[in-house]
Number of protein chains: 2
Amino acid sequence: MHGELQELGRAVKQAQYRQHRALDSALQAVGTTLAQWDALRAISRSPGASARELAAATFQTEQAFGTLAGRLTAQDLVERRPGHGRRIEHHLTPAGEQVLAAGRKVADRVLADCFSALPDTDRATLLDLLRRLNTLQEAH
Amino acid sequence: MHGELQELGRAVKQAQYRQHRALDSALQAVGTTLAQWDALRAISRSPGASARELAAATFQTEQAFGTLAGRLTAQDLVERRPGHGRRIEHHLTPAGEQVLAAGRKVADRVLADCFSALPDTDRATLLDLLRRLNTLQEAH
DNA sequence: CAGCATAACTAAACATCTTTATATAAGCTA
DNA sequence: TAGCTTATATAAAGATGTTTAGTTATGCTG
């Protein structure tokens, strides 16, 4: 039982690692990185969101997202406008939209490749299991 | 189809992130970190292994493992002896063994907690799917 | 209004990891 | 033996992330 849990943990890590590496490498061709593209994607999903909200959406701390957003702003991919209170609202620039779109094409290809090892049914099962694992954890 | 793959990717990342956070936080109580404990575990599994081998076992680059091993050596948890060629052989010190054991107790508890959301059968299915995903990828 | 609570951003230190480049040891081969 | 190849390690720079500790803006409450 013990060994099985440790193996499960390692399997999750390994899967995530492969995915991360594959995406990050491929995104270089579009001149971006996984962390940055993921941030662009999050901003695109919630235009005007605060750094705090976006940090949560991308699974990291506010500070980490803050420096990332700084790099994106320096590249003119993101615009940060002051909002209510200390809030800062994030929006994609046209250049940011372009990088996001280019990255999406790459990511779709890479992810398809990553998961092509599993037939459709199994992939669906996997998604279901992970979804349950993650949502049940949230309650906890 | 596209959206489903992206969601799958995010689900994997989220599961790994939770696990990482939970383990890392809990391991603080034993005075170590997830990265360091994982390195100790890898060394314990293959005593005398080179940095290169251990880097692969812990899913990272040689350089990353090198600095990690440096920190562990500084803490007297690991001993590095010169081997054949430029090879460096890694062994746990008695203190390292102790930290490893203490961490194992913590990790077992945390992992059990992490995956308790899923019933036994589902957990087994998840492990099977991940295992297949990872091994099939290796061939590729 | 004064004090406190909450939300949100920032700073500094440091751990971790990657990339790119370089160095060194052994073995093989011509 | 000289040169190539392979295995292994290290260095330096920078990206990414966490922790701990502020700072600032708003709102609430007495």
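We name chains A, B, ... by the order of the sequence lines, and we start the count at 1 in each one. In this text the structure is predicted, and so the values were computed from the model without any measurement.
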Given protein heavy atoms under 4.0 Å, the one-letter contact record of nucleotides 17-23 of chain D, with B base, S sugar-phosphate only and - none, is simply SBBBB-B
Flag side-chain contact, heavy atom, 4.5 Å: A:E62 against A:L54 | no
Sub-6.0 Å ring centroid separation between A:H20 and B:F59 = no
Which part of the nucleic acid, if any, lies within contact of B:E53, taking any heavy atom under 4.0 Å across all strands shown: a base, the sugar-phosphate backbone alone, or nothing?
-> nothing
Atom CD1 of A:I88 to atom C1' of C:dA7: distance rounded to whole Å?
-> 13 Å
Considering heavy-atom distances to DNA chain D, does A:Q36 or B:S50 have its closest nucleotide positioned more toward the 5' end?
-> B:S50
Using rotation axes that map the C1' atoms of four end pairs onto the next four (five pairs an end), what angle separates the end axes of the helix from C:dC1-D:dG30 to C:dA30-D:dT1, to 10°?
-> 0°
For D:dG27, does either OP1 or OP2 sit under 4.0 Å from a side-chain N or O belonging to A:H84?
-> yes
Phosphate contact (C:dA15 OP1 or OP2) by B:T33 side-chain N/O below 4.0 Å | no
Could you tell me whether A:R87 contacts a base, only the sugar-phosphate backbone, or nothing, with contacts defined as non-hydrogen atoms closer than 4.0 Å?
-> sugar-phosphate
Spatial distance of atom CD (B:Q19) from atom CG (A:L133) [nearest 0.5 Å] | 8.5 Å
Rounded distance in Å - CZ (A:R81) to C1' (C:dC9) = 18 Å
Any side-chain N or O of A:R71 less than 4.0 Å from the OP1 or OP2 oxygen of D:dT16?
-> yes
Do B:Q6 and A:R104 have a side chain donor and acceptor closer than 3.5 Å?
-> no
Would you mind reading off the distance between A:L54 atom CG and C:dT10 atom P, rounded to a whole angstrom?
-> 13 Å
Applying salt bridge (charged side-chain N to carboxylate O under 4.0 Å, His left out), name anything that partners B:R81, two or more places apart in sequence or on another chain.
-> B:E79
Would you mind reporting whether A:L92 and A:L40 have side-chain heavy atoms less than 4.5 Å apart?
-> yes
Does B:T32 use its side chain to pair, donor to acceptor, with the backbone of B:Q28 at less than 3.5 Å?
-> no
Can you tell me how far C1' of C:dA25 sits from CZ of B:R52, to the nearest Å?
-> 13 Å
Rounding to 0.5 Å, atoms CG (A:L126) and OG1 (A:T121) come to a distance of 12.5 Å
side-chain contact (heavy atoms from CB on, under 4.5 Å) between A:Q14 and A:R10, worked out | CA-CA 6 Å; A:Q14 183 172 3; A:R10 271 181 62 84; 5.7 Å; no
